[in-house]
Q: 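Before I ask anything, let me first share the structure, which is written out below as C-alpha coordinates.
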Amino acid sequence: MKKTADDVKKEQSLSFMYFNRFLMLRYFTAFMFFTNLYWFGMALTCKSWSAVLPFLLMIGGIAVTLELTSKLHTKKSAVPVSKGYYIAQISVNLAIILISMTPAYSLFLPFLNGKGQFCVIGIALIGIMMSVMVLLKIKKITNDQDRQFKVIKMFEKTN
(Lines give C-alpha, C1' and ligand atoms only; values in the text may rest on other atoms or scores of the structure.)
Protein backbone atom coordinates (compact mmCIF):
# COMPACT_ATOMS: atom_id res chain seq x y z
CA MET A 1 0.00 0.00 0.00
CA LYS A 2 1.33 3.38 -1.01
CA LYS A 3 1.70 6.11 1.60
CA THR A 4 -0.25 9.27 1.05
CA ALA A 5 1.22 12.73 1.50
CA ASP A 6 -0.70 13.03 4.78
CA ASP A 7 0.84 9.79 6.08
CA VAL A 8 4.33 11.02 5.27
CA LYS A 9 3.58 14.38 6.87
CA LYS A 10 2.29 12.67 10.02
CA GLU A 11 5.39 10.46 10.22
CA GLN A 12 7.68 13.46 9.85
CA SER A 13 5.73 15.40 12.46
CA LEU A 14 5.97 12.52 14.92
CA SER A 15 9.66 12.12 14.21
CA PHE A 16 10.33 15.79 14.96
CA MET A 17 8.10 15.68 18.03
CA TYR A 18 10.10 12.78 19.49
CA PHE A 19 13.33 14.57 18.55
CA ASN A 20 12.21 17.80 20.24
CA ARG A 21 11.81 15.98 23.56
CA PHE A 22 15.58 16.44 23.81
CA LEU A 23 15.64 20.15 22.92
CA MET A 24 16.71 21.32 26.39
CA LEU A 25 19.52 18.76 26.42
CA ARG A 26 20.82 20.01 23.08
CA TYR A 27 20.90 23.63 24.25
CA PHE A 28 22.52 22.82 27.58
CA THR A 29 25.08 20.59 25.89
CA ALA A 30 26.00 23.43 23.53
CA PHE A 31 26.32 25.81 26.50
CA MET A 32 28.54 23.33 28.36
CA PHE A 33 30.63 22.72 25.24
CA PHE A 34 31.41 26.41 24.79
CA THR A 35 32.05 26.89 28.51
CA ASN A 36 34.54 24.02 28.38
CA LEU A 37 36.00 25.39 25.16
CA TYR A 38 36.63 28.73 26.86
CA TRP A 39 38.24 26.97 29.84
CA PHE A 40 40.34 24.87 27.46
CA GLY A 41 41.52 27.93 25.53
CA MET A 42 42.43 29.82 28.69
CA ALA A 43 44.31 26.84 30.10
CA LEU A 44 46.20 26.44 26.82
CA THR A 45 47.32 30.06 26.85
CA CYS A 46 48.90 29.43 30.26
CA LYS A 47 50.29 26.08 29.11
CA SER A 48 48.49 24.44 32.03
CA TRP A 49 48.11 20.70 32.39
CA SER A 50 44.54 21.37 33.48
CA ALA A 51 43.60 21.85 29.81
CA VAL A 52 43.17 18.08 29.60
CA LEU A 53 39.99 18.14 31.67
CA PRO A 54 37.95 20.60 29.57
CA PHE A 55 39.27 18.89 26.44
CA LEU A 56 37.87 15.56 27.63
CA LEU A 57 34.59 17.24 28.54
CA MET A 58 34.42 18.77 25.06
CA ILE A 59 34.87 15.32 23.52
CA GLY A 60 32.08 14.09 25.81
CA GLY A 61 29.90 16.98 24.63
CA ILE A 62 30.49 15.95 21.02
CA ALA A 63 29.50 12.37 21.89
CA VAL A 64 26.30 13.67 23.51
CA THR A 65 25.55 15.75 20.42
CA LEU A 66 25.95 12.69 18.21
CA GLU A 67 23.71 10.65 20.50
CA LEU A 68 21.03 13.35 20.52
CA THR A 69 21.24 13.81 16.74
CA SER A 70 20.54 10.10 16.31
CA LYS A 71 17.21 10.64 18.09
CA LEU A 72 15.86 12.14 14.87
CA HIS A 73 15.66 8.62 13.46
CA THR A 74 14.37 6.70 16.47
CA LYS A 75 11.67 6.88 19.09
CA LYS A 76 13.86 5.29 21.75
CA SER A 77 14.27 7.56 24.73
CA ALA A 78 17.38 6.07 26.37
CA VAL A 79 20.38 8.42 26.33
CA PRO A 80 23.14 6.68 28.33
CA VAL A 81 25.97 8.81 26.89
CA SER A 82 24.16 12.02 27.84
CA LYS A 83 23.43 10.75 31.33
CA GLY A 84 27.06 9.76 31.88
CA TYR A 85 28.31 13.07 30.50
CA TYR A 86 26.16 15.15 32.83
CA ILE A 87 27.16 13.05 35.83
CA ALA A 88 30.80 13.66 34.84
CA GLN A 89 30.07 17.37 34.43
CA ILE A 90 28.62 17.51 37.96
CA SER A 91 31.66 15.66 39.32
CA VAL A 92 34.08 18.03 37.62
CA ASN A 93 32.18 21.09 38.84
CA LEU A 94 32.18 19.74 42.40
CA ALA A 95 35.92 19.12 42.14
CA ILE A 96 36.44 22.67 40.85
CA ILE A 97 34.53 24.07 43.82
CA LEU A 98 36.64 22.03 46.22
CA ILE A 99 39.90 22.94 44.48
CA SER A 100 38.88 26.62 44.49
CA MET A 101 38.92 26.51 48.26
CA THR A 102 42.50 25.24 48.46
CA PRO A 103 45.95 26.62 47.58
CA ALA A 104 45.95 24.27 44.54
CA TYR A 105 43.54 26.71 42.91
CA SER A 106 46.32 28.73 41.29
CA LEU A 107 47.91 25.57 39.87
CA PHE A 108 44.65 24.22 38.50
CA LEU A 109 43.31 27.50 37.11
CA PRO A 110 46.43 29.63 36.62
CA PHE A 111 44.71 32.05 34.26
CA LEU A 112 42.60 33.48 37.10
CA ASN A 113 43.81 35.61 39.95
CA GLY A 114 42.86 35.00 43.57
CA LYS A 115 39.75 37.14 43.28
CA GLY A 116 38.38 34.89 40.56
CA GLN A 117 37.67 32.10 43.01
CA PHE A 118 34.16 33.31 43.82
CA CYS A 119 33.39 33.70 40.14
CA VAL A 120 34.64 30.17 39.44
CA ILE A 121 32.57 28.77 42.30
CA GLY A 122 29.50 30.60 40.97
CA ILE A 123 30.00 29.29 37.45
CA ALA A 124 30.55 25.76 38.79
CA LEU A 125 27.35 25.98 40.85
CA ILE A 126 25.43 27.12 37.76
CA GLY A 127 26.92 24.17 35.86
CA ILE A 128 25.82 21.80 38.62
CA MET A 129 22.28 23.20 38.66
CA MET A 130 22.03 22.94 34.87
CA SER A 131 23.35 19.39 34.90
CA VAL A 132 20.90 18.35 37.62
CA MET A 133 18.06 19.88 35.58
CA VAL A 134 19.19 17.91 32.53
CA LEU A 135 19.41 14.67 34.52
CA LEU A 136 15.88 15.23 35.85
CA LYS A 137 14.69 15.88 32.29
CA ILE A 138 16.42 12.69 31.09
CA LYS A 139 14.67 10.75 33.85
CA LYS A 140 11.29 12.16 32.84
CA ILE A 141 11.92 11.39 29.17
CA THR A 142 13.07 7.81 29.78
CA ASN A 143 10.03 7.20 32.00
CA ASP A 144 7.74 8.85 29.42
CA GLN A 145 6.61 11.40 32.01
CA ASP A 146 7.62 14.54 30.13
CA ARG A 147 5.03 17.00 28.85
CA GLN A 148 6.10 16.55 25.22
CA PHE A 149 5.34 12.80 25.39
CA LYS A 150 1.75 13.56 26.42
CA VAL A 151 1.43 15.93 23.45
CA ILE A 152 2.80 13.24 21.14
CA LYS A 153 0.28 10.69 22.40
CA MET A 154 -2.58 13.16 21.91
CA PHE A 155 -1.32 13.87 18.36
CA GLU A 156 -1.18 10.15 17.59
CA LYS A 157 -4.75 9.64 18.80
CA THR A 158 -6.19 12.53 16.79
CA ASN A 159 -4.42 11.64 13.54
Side-chain angles (χ1 to χ4, degrees), residues 12-149 151-152:
Q12 288 177 338
S13 294
L14 279 172
S15 178
F16 282 114
M17 290 172 89
Y18 276 99
F19 183 64
N20 283 335
R21 293 173 77 187
F22 300 96
L23 187 65
M24 182 179 93
L25 277 74
R26 294 194 309 264
Y27 282 120
F28 280 9
T29 301
F31 177 79
M32 293 294 193
F33 178 84
F34 287 107
T35 302
N36 290 322
L37 179 64
Y38 179 75
W39 177 17
F40 177 68
M42 294 301 289
L44 275 183
T45 60
C46 294
K47 296 180 177 128
S48 173
W49 61 271
S50 65
V52 172
L53 199 52
F55 180 73
L56 292 174
L57 288 171
M58 287 174 10
I59 291 173
I62 292 169
V64 169
T65 301
L66 293 174
E67 179 182 59
L68 294 176
T69 302
S70 73
K71 295 301 173 189
L72 186 57
H73 306 292
T74 181
K75 292 180 181 180
K76 293 179 183 176
S77 59
V79 283
V81 174
S82 299
K83 189 175 180 180
Y85 171 77
Y86 279 99
I87 290 170
Q89 193 73 54
I90 288 171
S91 301
V92 168
N93 284 329
L94 285 172
I96 288 171
I97 290 171
L98 293 174
I99 289 169
S100 294
M101 296 178 193
T102 68
Y105 170 77
S106 60
L107 294 172
F108 192 69
L109 300 168
F111 49 89
L112 295 173
N113 61 19
K115 295 179 182 178
Q117 286 174 295
F118 293 112
C119 184
V120 168
I121 290 171
I123 292 169
L125 285 172
I126 291 169
I128 290 170
M129 288 189 303
M130 288 175 63
S131 297
V132 167
M133 286 173 50
V134 168
L135 289 172
L136 291 172
K137 180 73 171 178
I138 288 172
K139 183 178 179 183
K140 281 184 175 184
I141 290 171
T142 55
N143 293 330
D144 292 332
Q145 296 174 340
D146 58 313
R147 191 173 359 137
Q148 187 72 16
F149 185 73
V151 171
I152 292 168

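All values below come from the heavy atoms of this structure, side chains included, with hydrogens, waters and symmetry mates left out.
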Q: Is there a side-chain contact (heavy atoms from CB on, under 4.5 Å) between Leu135 and Ile90 once you walk through the steps?
A: CA-CA 10 Å; Leu135 289 172; Ile90 288 171; 3.6 Å; yes

Q: Side chains of Leu53 and Phe108, heavy atoms from C-beta outward: is any pair under 4.5 Å?
A: yes

Q: Hey, does Val134 have a side-chain heavy atom less than 4.5 Å from the side chain of Met130?
A: no

Q: What distance do Asn93 atom CG and Met129 atom CE have between them, rounded to the nearest 0.5 Å?
A: 10.5 Å

Q: In the structure I gave you, are the side-chain heavy atoms of Ser131 and Met32 within less than 4.5 Å of one another anywhere?
A: yes

Q: Judged by atom type as modelled, is there a donor-acceptor pair below 3.5 Å linking the side chain of Lys76 to the main-chain atoms of Lys71?
A: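 No: the side chain of Lys76 does not pair with the backbone of Lys71.
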
Q: Ignoring hydrogens and geometry, is there a side-chain-to-backbone donor-acceptor pair from Tyr105 to Gln117 under 3.5 Å?
A: yes

Q: Just verifying a value: how many Å separate Asn36 CG and Gln89 CD, rounded to the nearest 0.5 Å?
A: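 So the CG of Asn36 and the CD of Gln89 are separated by 5.0 Å.
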
Q: Assess the residue pair Leu57 and Phe40 against the criterion (side-chain contact (heavy atoms from CB on, under 4.5 Å)); give the C-alpha distance rounded to whole Å, side-chain angles, the decisive distance to 0.1 Å, and a yes or no.
A: CA-CA 10 Å; Leu57 288 171; Phe40 177 68; over 6 Å; no

Q: So, Thr142 side chain and Ser77 main chain: donor-acceptor pair closer than 3.5 Å or not?
A: no

Q: Work out which heavy atom in Ser50 is nearest to a heavy atom in Ser48; give both atom names and the distance.
A: OG-OG, 2.7 Å

Q: What are the two closest heavy atoms between Ala124 and Ile96, and how far apart are they?
A: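 Between these two residues, the closest heavy atoms are CB-CG2, 4.3 Å.
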
Q: With side chains defined as the heavy atoms from C-beta onward, is the minimum distance between Arg21 and Ile152 less than 4.5 Å?
A: yes

Q: Evaluate the side-chain proximity of Trp39 to Ile123: yes if any heavy-atom separation is below 4.5 Å, no if none is.
A: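 No - every pair of side-chain heavy atoms lies 4.5 Å or more apart.
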
Q: How far does OH of Tyr27 sit from CG of Leu23, to the nearest 0.5 angstrom?
A: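 Those atoms lie 5.0 Å apart.
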
Q: Closest approach of Val64 and Ser82, non-hydrogen atoms and distance?
A: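 Heavy atoms of Val64 and Ser82 come nearest at CG1-OG, 3.4 Å.
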
Q: Quick one: are Glu67 and Pro80 in side-chain contact, heavy atoms under 4.5 Å?
A: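 Yes, close enough: below the 4.5 Å cut-off.
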
Q: Just checking Phe55: does its CZ atom have more than 12 heavy atoms from other residues, nucleotides or ligands closer to it than 6.0 angstrom?
A: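 Check fails, neighbour count at 12 or below.
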
Q: How long is the span from the NZ atom in Lys83 to the NZ atom in Lys139, to the nearest 0.5 Å?
A: 8.5 Å

Q: With the side chain counted from C-beta on, respond yes when Arg26 and Phe19 share a heavy-atom pair under 4.5 Å apart, and no when they do not.
A: yes

Q: Search all heavy atoms of Tyr86 against all heavy atoms of Leu25 and return the closest pair with its distance.
A: OH-O, 3.8 Å

Q: Identify the two heavy atoms, one from Met17 and one from Val151, that lie closest to each other, and give their separation to 0.1 Å.
A: CE-CG1, 3.7 Å

Q: Quick check for you: to the nearest 0.5 Å, what is the distance between Ile99 atom CD1 and Ile121 atom CD1?
A: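 Rounded to the nearest 0.5 Å, the CD1-CD1 separation comes out at 11.5 Å.
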
Q: To the nearest 0.5 Å, what is the distance between CZ on Phe118 and CG on Leu125?
A: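 So the CZ of Phe118 and the CG of Leu125 are separated by 12.0 Å.
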
Q: Please tell me if the side chains of Ile97 and Ile128 come closer than 4.5 Å, counting only heavy atoms from C-beta onward.
A: yes

